[in-house]
*Asks:* 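Quick one: the structure is below, questions incoming.
Here, residue 1 is the first one in the sequence, and each next residue gets the next number.
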Amino acid sequence: MDDDEAYRNRLCRAFADRGWKTSSAADGTAAIDIAAKLSPELAVVDLRLPGMSGLEIVRELHRLDDTICIIMLTGYGSIATALTATKLGANHYLSKPVDADQIITAYEKINSGQEEFVGEETAQSVPSLARVEWEHIQRVLADCDGNISQASKLLGLHRRSLQRKLAKYPPQT
């Protein structure tokens, strides 16, 4: 469940390549309808969505089936949302960017009883501060439909400073 069609399709393809059966939804209503019909073992839900929030979807999915494993994804992680997600029924909380292998690893750890909820990542998977900054800039720029002037105002940067940051290659993790 993610509103970014390209990301959602990539994740579904990656899961299918690994032998998983997948269904996808772009909004909360579709996700809940699919879950009611198929009763999935795993639901991957984005936190930030138009309309119904990811937290509301977690609550509804947990009401439908309290055995469903729910992994919350977010590009804007915080301790408060991680705690709220767990209280509503999420089993795991991952910060984007995340790939299918990371999701499957989290799911397998949950199913094996190694962890019930993890809001922290291992030292190997924590991105560098430069990488987090670059990803945040990219998300804000995407939210502004590529408008550098608007993005620079939201980020509190001078337009030219933002352009210089955008001219650089993404930092390694």
*Asks:* Passes side chain to side chain contact (heavy atoms under 4.5 Å, CB included), I103 versus D99? Steps please.
*Replies:* CA-CA 7 Å; I103 294 169; D99 62 23; over 6 Å; no
*Asks:* Of all heavy-atom pairs between Y7 and V98, which one has the smallest distance, and what is that distance?
*Replies:*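 Nearest heavy atoms, Y7 then V98: OH-O, 2.8 Å.
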*Asks:* Determine the minimum heavy-atom distance between H92 and A106, stating which atoms define it.
*Replies:*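 What the structure gives for the nearest pair is CD2-CB, 3.3 Å.
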*Asks:* A side-chain contact here means heavy atoms from C-beta on lying under 4.5 Å apart; do L166 and Q138 qualify?
*Replies:*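 Heavy-atom side-chain distance check passes, below 4.5 Å.
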*Asks:* Would you give the length of the straight line joining atom CD1 of I148 to atom NZ of K165, rounded to the nearest 0.5 angstrom?
*Replies:*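 NZ of K165 is found 13.5 Å from CD1 of I148.
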*Asks:* Locate the shortest heavy-atom distance separating I110 from C69; write the atom from each residue and the value.
*Replies:*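 The pair with the smallest heavy-atom distance is CD1-SG, 3.8 Å.
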*Asks:* Within the supplied structure, the quantity of interest is the number of heavy atoms (other residues, nucleotides, ligands) at a distance under 6.0 Å from Q163 CD; does it exceed 12?
*Replies:*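 Check passes, neighbour count above 12.
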*Asks:* I want to check something: taking the side chain as every heavy atom from C-beta on, are L88 and H62 in contact at a cut-off of under 4.5 Å?
*Replies:*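 No - every pair of side-chain heavy atoms lies 4.5 Å or more apart.
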*Asks:* Strictly below 4.0 Å, N to O, side chains only: are R63 and E60 in salt-bridge contact?
*Replies:*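 So R63 pairs with E60 through a salt bridge.
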*Asks:* Could you pull out the closest heavy-atom pair between L61 and A43, with the gap in Å?
*Replies:*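 For L61 and A43, the tightest heavy-atom pair comes out as CD1-CB, 3.8 Å.
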*Asks:* Taking all non-hydrogen atoms of both residues, which atom of L154 and which atom of C144 are closest, and how far apart?
*Replies:*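 Between these two residues, the closest heavy atoms are CD1-SG, 3.4 Å.
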*Asks:* Heavy atoms, side chains only, cut-off 4.5 Å: are R159 and L162 in contact?
*Replies:*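 Answer no - side chains too far apart.
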*Asks:* To the closest 0.5 Å, what do you measure between CD1 (I70) and CE (M1)?
*Replies:*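 The distance works out to 12.5 Å.
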*Asks:* Closer than 4.0 angstrom, basic N to acidic O: yes or no for R48 and D143?
*Replies:*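 Yes.
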*Asks:* Can you name the nearest heavy-atom pair linking S39 to D65, along with the distance?
*Replies:*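 Smallest interatomic distance, heavy atoms only, reads OG-OD2, 3.3 Å.
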*Asks:* In the structure I gave you, are the side-chain heavy atoms of I71 and L94 within less than 4.5 Å of one another anywhere?
*Replies:*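 The answer is yes; the side chains approach within 4.5 Å.
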*Asks:* Assess whether a salt bridge exists between D46 and R8, defined as any Lys/Arg side-chain N lying under 4.0 Å from an Asp/Glu carboxylate O.
*Replies:*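 Looking at R8 together with D46, the answer is no, because their closest N to O distance does not fall below 4.0 Å.
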*Asks:* May I ask you to test the I104-R18 pair for a side-chain heavy-atom distance under 4.5 Å?
*Replies:*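 Yes, their side chains come closer than 4.5 Å.
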*Asks:* Heavy atoms, side chains only, cut-off 4.5 Å: are L64 and I32 in contact?
*Replies:*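 The answer is yes, as the side chains (C-beta and beyond) meet within the 4.5 Å cut-off.
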*Asks:* With rounding to the nearest 0.5 Å, note down the distance linking CG in L11 to CH2 in W20.
*Replies:*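 Those atoms lie 11.5 Å apart.
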*Asks:* Does the pair Y107 and E41 meet the rule for a side chain to side chain contact (heavy atoms under 4.5 Å, CB included), with working shown?
*Replies:* CA-CA 10 Å; Y107 176 69; E41 293 179 32; 2.9 Å; yes
*Asks:* With side chains defined as the heavy atoms from C-beta onward, is the minimum distance between D27 and M52 less than 4.5 Å?
*Replies:*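 No, their side chains stay 4.5 Å or more apart.
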*Asks:* Going by heavy atoms in the side chains, are H136 and L155 under 4.5 Å from each other?
*Replies:*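 Yes. Closest side-chain heavy atoms under 4.5 Å.
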